[in-house]
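Notes follow once the structure below has been shown.
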Number of protein chains: 2
Amino acid sequence: MTTEAADLDAPGVPGAAGTAGVDLPQLLRAATLRVTRPRVAVLGAVHAHPHADTETIIGAVRTELPAVSHQAVYDSLHALTGAGLLRRIQPAGSVARYETRIADNHHHLVCRSCGAVVDVDCAIGQAPCLTASDDHGFVIDEAEVTYWGTCPACTAAAHGA
Amino acid sequence: MTTEAADLDAPGVPGAAGTAGVDLPQLLRAATLRVTRPRVAVLGAVHAHPHADTETIIGAVRTELPAVSHQAVYDSLHALTGAGLLRRIQPAGSVARYETRIADNHHHLVCRSCGAVVDVDCAIGQAPCLTASDDHGFVIDEAEVTYWGTCPACTAAAHGA
DNA sequence: CGCCTTTTCTTGACTCCTTCAAGAAAAGGC
DNA sequence: GCCTTTTCTTGAAGGAGTCAAGAAAAGGCG
């Protein structure tokens with residue numbers, strides 16, 4: 001299996017397309033996670049499709065590994081999320097989505113009409129958004145901001161109708 | 001049906017227990033919604049159980065109206081939400097929850113461990129939280145802030161273990 | 001007060017996302 | 001190269017929420 005192991009490491013391999021310059025196996029090793037083809041493909045798919053839902057990720061992974069089960073994708077997403085390599089977001093009324101921008105305190109802008117998600121940098125540095133007016137005794141570790149609205153395409157469509 | 005209609009209007013009636021002083025039928029009429037017992041009961045249940053999930057609401061409603069179907073509760077929740085009498089929230093990983101505090105720009109503090117939800121007034125007035133650093137062309141109508149952490153009870157349980 | 005139209009509720013089935021479980025396969029260390 | 005641990009495959013199940021058709025109730029009007 002030496003050949004296959006080499007494939008997993010080699011940058012620029014077909015399976016790593018769309019993640020130019022990012023050494024995915026190294027990311028996995030740095031997180032003390034075993035390097036498997038499903039995990040590399042899942043990580044690459046999320047890098048290539050930010051904010052994608054699980055179905056989209058499964059589809060992207062299967063362009064590289066047609067035989068991967070949906071369960072392997074779910075397991076990989078959980079493992080990667082638990083290790084901090086991915087972040088899971090889930091706007092109300094939506095299925096789970098994943099992204100690779102982590103640890104930079106950015107927020108999300110969601111279209112009520114089509115569900116599109118885009119990143120927004122924190123409006124006011126860091127501190128204000130992360131401080132609640134009254135913590136009710138909770139130990140707060142994150143402040144998540146979701147902006148709701150209508151995206152340009154849906155706004156145009158509504159005006160046209 | 002005069003007697004029953006009177007029951008719906010009468011304040012202090014058994015069915016209105018737990019909503020002291022709030023004229024629920026009047027709220028419904030003000031929103032141009034028909035006054036039905038399931039709707040009054042649902043509205044009362046959410047008043048009595050802030051942040052309750054649908055299952056809890058169904059249970060509360062059935063203490064007054066044992067025969068109400070879950071579908072009637074779902075329909076009522078949708079109608080009341082659409083009319084602006086209720087607000088639906090759904091923290092990631094949780095089922096839908098409903099509350100009666102509306103139109104006052106408050107936010108939520110959610111326990112990662114037990115899922116408890118408490119209200120938090122907007123930390124910094126209104127404007128800053130409602131303004132994204134870059135709107136990407138979206139028409140933004142709401143900024144929702146969710147603080148994540150651990151509630152006092154779960155913190156104590158973790159330290160004790 | 002009673003009829004009629006519109007809206008809402010009941011019943012029952014169904015979809016979708018996600019998780020559970022058991023055994024086969026692969027990764028990584030010695 | 002072998003062994004242990006972890007991960008993947010296969011197949012099924014769980015639960016929140018939705019859909020559809022007909023019965024029932026609310027509200028307006030005469």
Side-chain angles (χ1 to χ4, degrees), chain A residues 1-9 24-26 28-43 52-59 61-62 64-83 88-98 115, chain B residues 1-9 24-26 28-43 52-59 61-62 64-83 88-98 115:
Chain A
M1 304 301 175
T2 309
T3 307
E4 289 177 344
D7 279 355
L8 287 174
D9 282 329
L24 303 179
Q26 187 50 42
L28 289 169
R29 282 200 209 44
T32 344
L33 289 177
R34 288 197 176 178
V35 179
T36 67
R37 276 178 292 186
R39 285 182 177 176
V40 173
V42 167
L43 197 47
D53 58 27
T54 309
E55 187 183 337
T56 301
I57 294 169
I58 292 175
V61 167
R62 286 187 176 156
E64 304 177 12
L65 302 172
V68 168
S69 66
H70 74 146
Q71 189 60 259
V73 175
Y74 274 100
D75 286 350
S76 296
L77 288 170
H78 287 163
L80 294 167
T81 302
R88 173 183 168 136
I89 62 172
Q90 187 173 21
S94 169
V95 296
R97 294 164 177 274
Y98 294 86
Chain B
M1 302 302 178
T2 309
T3 306
E4 289 178 348
D7 280 353
L8 287 175
D9 281 328
L24 303 180
Q26 187 51 41
L28 289 169
R29 273 193 268 281
T32 344
L33 290 177
R34 289 195 176 181
V35 179
T36 67
R37 274 176 294 184
R39 286 182 177 177
V40 173
V42 167
L43 197 47
D53 58 26
T54 310
E55 187 184 338
T56 301
I57 294 168
I58 291 175
V61 167
R62 285 187 176 155
E64 304 178 11
L65 303 172
V68 168
S69 65
H70 74 149
Q71 189 61 257
V73 174
Y74 273 101
D75 286 349
S76 295
L77 288 170
H78 287 163
L80 294 167
T81 302
R88 174 184 168 135
I89 63 172
Q90 187 173 22
S94 168
V95 296
R97 293 163 177 274
Y98 294 85

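The chains referred to below are lettered A, B, ... by the order of the sequence lines, with proteins before strands, and numbering in each begins at 1.
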Open item on the list: Testing the basics here: between B:Val40 and B:Leu24, what is the closest heavy-atom pair and its distance to 0.1 Å?
Closed with: O-CD1, 3.6 Å
- [ ] Measure the distance from CZ on A:Arg97 to P on C:dT18 and round it to the nearest whole Å.
- [x] 11 Å
Task: N/O donor-acceptor pair under 3.5 Å between B:Arg29 side chain and B:Val35 backbone - done: no
- [ ] Rounding to 10 degrees, work out the angle separating the end axes of the helix from C:dC1-D:dG30 to C:dC30-D:dG1 (five pairs an end).
- [x] 40°
TODO: Taking A:Ser94 for its side chain and A:Gln90 for its backbone only, find out whether a donor-acceptor pair lies under 3.5 Å.
DONE: no
TODO: Give the rounded distance in Å between these two atoms: CD1 of B:Ile57 and C1' of D:dA16.
DONE: 13 Å
TODO: Give the minimum heavy-atom separation between A:Arg62 and A:His70, together with the two atoms involved.
DONE: NH2-N, 3.4 Å
Can you name the atoms? Protein N/O to nucleotides 6-9 of chain D N/O, anything below 3.5 Å, with the distance.
{"from": "D:dT6", "atom 1": "O4'", "to": "A:Arg34", "atom 2": "NH1", "distance (Å)": "3.4"}
{"from": "D:dT7", "atom 1": "OP1", "to": "A:Arg39", "atom 2": "NH1", "distance (Å)": "3.2"}
{"from": "D:dT7", "atom 1": "OP1", "to": "A:Arg39", "atom 2": "NH2", "distance (Å)": "2.6"}
{"from": "D:dT7", "atom 1": "O5'", "to": "A:Arg39", "atom 2": "NH2", "distance (Å)": "3.3"}
{"from": "D:dC8", "atom 1": "OP1", "to": "A:Thr36", "atom 2": "OG1", "distance (Å)": "2.7"}
{"from": "D:dT9", "atom 1": "OP1", "to": "A:Ala67", "atom 2": "O", "distance (Å)": "3.4"}
{"from": "D:dT9", "atom 1": "OP2", "to": "A:Ser69", "atom 2": "N", "distance (Å)": "3.0"}
{"from": "D:dT9", "atom 1": "OP2", "to": "A:Ser69", "atom 2": "OG", "distance (Å)": "2.7"}

Open item on the list: In this structure, how many angstroms lie between the P atom of D:dA16 and the OH atom of B:Tyr98, rounded?
Closed with: 13 Å
- [ ] Kindly give the heavy-atom pair with the smallest separation between A:Leu80 and A:Leu33, and that separation in Å.
- [x] CD2-CD1, 4.0 Å
Task: Heavy-atom pair of closest approach, residues B:Ala31 and B:Ala83 - done: CB-CB, 4.0 Å
Task: Where B:Arg39 and B:Ala79 come nearest, the two heavy atoms and their spacing - done: NH2-CB, 3.8 Å
Task: Minimal non-hydrogen separation, B:Arg97 against B:Gly115, with atom names - done: NH2-O, 3.8 Å
